[in-house]
Amino acid sequence: QVQLVESGGGLVQAGGSLRLSCAASGRAASNYAMGWFRQAPGKEREFVAEINFSGGTTNYADSVKGRFTIPKDNAKNTVYLQMNSLRPEDTAVYYCGAVLSFSYVRQQNRYNYWGQGTQVTVSS
């Protein structure tokens, strides 16, 4: 069992930055790839970014490429989502997930564990 605790959401103006954190704990938590998804009101949950267990390989949605990064601190078993140049359309609840194997297949049903979600609101 892996537990994921997210933090760092909030309200920011367009063009600003936020950093989300997701701390993983539990059995073999360090062996999991980690990712971020988001869900806006009335929309389906969508892929944002994923990083493999070692932190050496990443994958980004086209909508965030060049603006978001997903660094990982292996010593802390913590993954981050650094969000720059935020836009109102980035407003959503952001969810951290853990998955057994990294993949370029951007489907949430691959994921084994989820955090509780954290709200990000970008005002225009």
Side-chain angles (χ1 to χ4, degrees):
Q1 190 81 0
V2 174
Q3 295 80 39
L4 303 173
V5 179
E6 302 156 1
S7 60
L11 173 65
V12 64
Q13 288 188 333
S17 298
L18 274 178
R19 188 178 80 159
L20 307 182
S21 300
C22 176
S25 62
R27 182 179 175 87
S30 61
N31 293 338
Y32 284 74
M34 304 286 287
W36 290 94
F37 283 69
R38 65 187 182 186
Q39 187 166 18
K43 295 188 176 181
E44 293 186 354
R45 192 177 295 191
E46 65 173 5
F47 171 81
V48 176
E50 185 171 315
I51 189 167
N52 75 333
F53 79 97
S54 67
T57 305
T58 56
N59 183 26
Y60 294 95
D62 291 345
S63 59
V64 306
K65 201 173 292 184
R67 299 188 298 124
F68 291 10
T69 59
I70 183 170
K72 186 171 187 277
D73 186 334
N74 289 327
K76 296 181 179 179
N77 274 349
T78 298
V79 66
Y80 305 93
L81 187 67
Q82 177 65 45
M83 304 183 291
N84 300 325
S85 302
L86 282 161
R87 304 167 180 168
E89 53 264 40
D90 294 318
T91 295
V93 177
Y94 283 70
Y95 295 92
C96 171
V99 58
L100 277 172
S101 300
F102 175 88
S103 170
Y104 290 101
V105 177
R106 304 169 177 179
Q107 294 177 348
Q108 60 172 318
N109 60 11
R110 294 173 42 236
Y111 279 68
N112 304 101
Y113 302 100
W114 292 99
Q116 78 283 4
T118 185
Q119 177 70 46
V120 172
T121 303
V122 184
S123 63
S124 57

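All values below were derived from every heavy atom in this structure, side-chain atoms included, with hydrogens, water molecules and symmetry-related copies excluded. Remember, predicted model here, so these are calculated numbers, not experimental data. For this chain, numbers begin at 1 and follow the sequence in order.
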For this session: Not counting sequence neighbours, which residues clear salt bridge (Lys or Arg N to Asp or Glu O under 4.0 Å) with Arg106? List them please.
Result: none
Donor-acceptor list for residues 37-44 side chains, cut-off 3.5 Å, not counting sequence neighbours:
| residue | atom | partner | partner atom | Å |
| --- | --- | --- | --- | --- |
| Arg38 | NE | Glu46 | OE2 | 2.6 |
| Arg38 | NH1 | Asp90 | OD1 | 2.9 |
| Arg38 | NH1 | Tyr94 | OH | 3.0 |
| Arg38 | NH2 | Glu46 | OE2 | 3.1 |
| Gln39 | NE2 | Lys43 | O | 3.1 |

Exercise. Taking Asn52 for the side chain and Phe102 for the main chain, is one N or O donor matched with an acceptor at less than 3.5 Å?
Worked result: no
Seminar exercise, completed: Contacts of Tyr113 meeting side chain to side chain donor-acceptor pair (under 3.5 Å) (sequence neighbours excluded), chain-then-number -> none
Problem set entry | Listed once per pair and sorted, the disulfide bond (SG atoms under 2.5 Å apart) pairs that draw on residues 66-124, sequence neighbours left out | Cys22-Cys96
Exercise. Is the backbone of Gln108 close enough, under 3.5 Å, to the side chain of Arg45 for a donor and an acceptor to pair up by distance?
Worked result: no
Problem set entry | With sequence neighbours excluded, residues passing side chain to side chain contact (heavy atoms under 4.5 Å, CB included) with Ala61 | Phe47, Ser63, Val64
Seminar exercise, completed: Residues at least two apart in sequence or cross-chain that pass side chain to side chain contact (heavy atoms under 4.5 Å, CB included) with Ser25, listed by chain then number, are Gln3
Seminar exercise, completed: So the disulfide bond (SG atoms under 2.5 Å apart) pairs with at least one residue in residues 48-93 (sequence neighbours excluded) are none
For this session: Could you note down all residue pairs passing disulfide bond (SG atoms under 2.5 Å apart) where residues 35-76 supplies at least one of them, sequence neighbours left out?
Result: none
For this session: Sequence neighbours left out, what passes side chain to side chain donor-acceptor pair (under 3.5 Å) with Thr121? Give chain and number order.
Result: Gln119
For this session: Could you tell me whether the side chain of Glu50 and the main chain of Ser103 form a donor-acceptor pair under 3.5 Å?
Result: yes
Exercise. Who passes side chain to side chain contact (heavy atoms under 4.5 Å, CB included) against Gln116, sequence neighbours left out?
Worked result: Glu6
Seminar exercise, completed: Residue set satisfying side chain to side chain contact (heavy atoms under 4.5 Å, CB included) with Val12, at least two apart, ordered chain then number -> Leu18, Leu86, Val122
Show the atom names and distances, to 0.1 Å, of all donor-acceptor pairs under 3.5 Å that link a side chain in residues 71-84 to residues at least two apart or in another chain.
| residue | atom | partner | partner atom | Å |
| --- | --- | --- | --- | --- |
| Lys72 | NZ | Phe53 | O | 2.8 |
| Lys72 | NZ | Asn74 | OD1 | 2.7 |
| Asp73 | OD1 | Ala75 | N | 3.1 |
| Asp73 | OD1 | Lys76 | N | 3.3 |
| Asn74 | ND2 | Ser54 | O | 3.0 |
| Thr78 | OG1 | Lys76 | O | 3.0 |
| Gln82 | NE2 | Asn84 | OD1 | 2.9 |
| Asn84 | OD1 | Ser17 | OG | 2.9 |

Seminar exercise, completed: Which of Asn59, Val48, Thr58 passes side chain to side chain contact (heavy atoms under 4.5 Å, CB included) with Ile70? Answer is Thr58
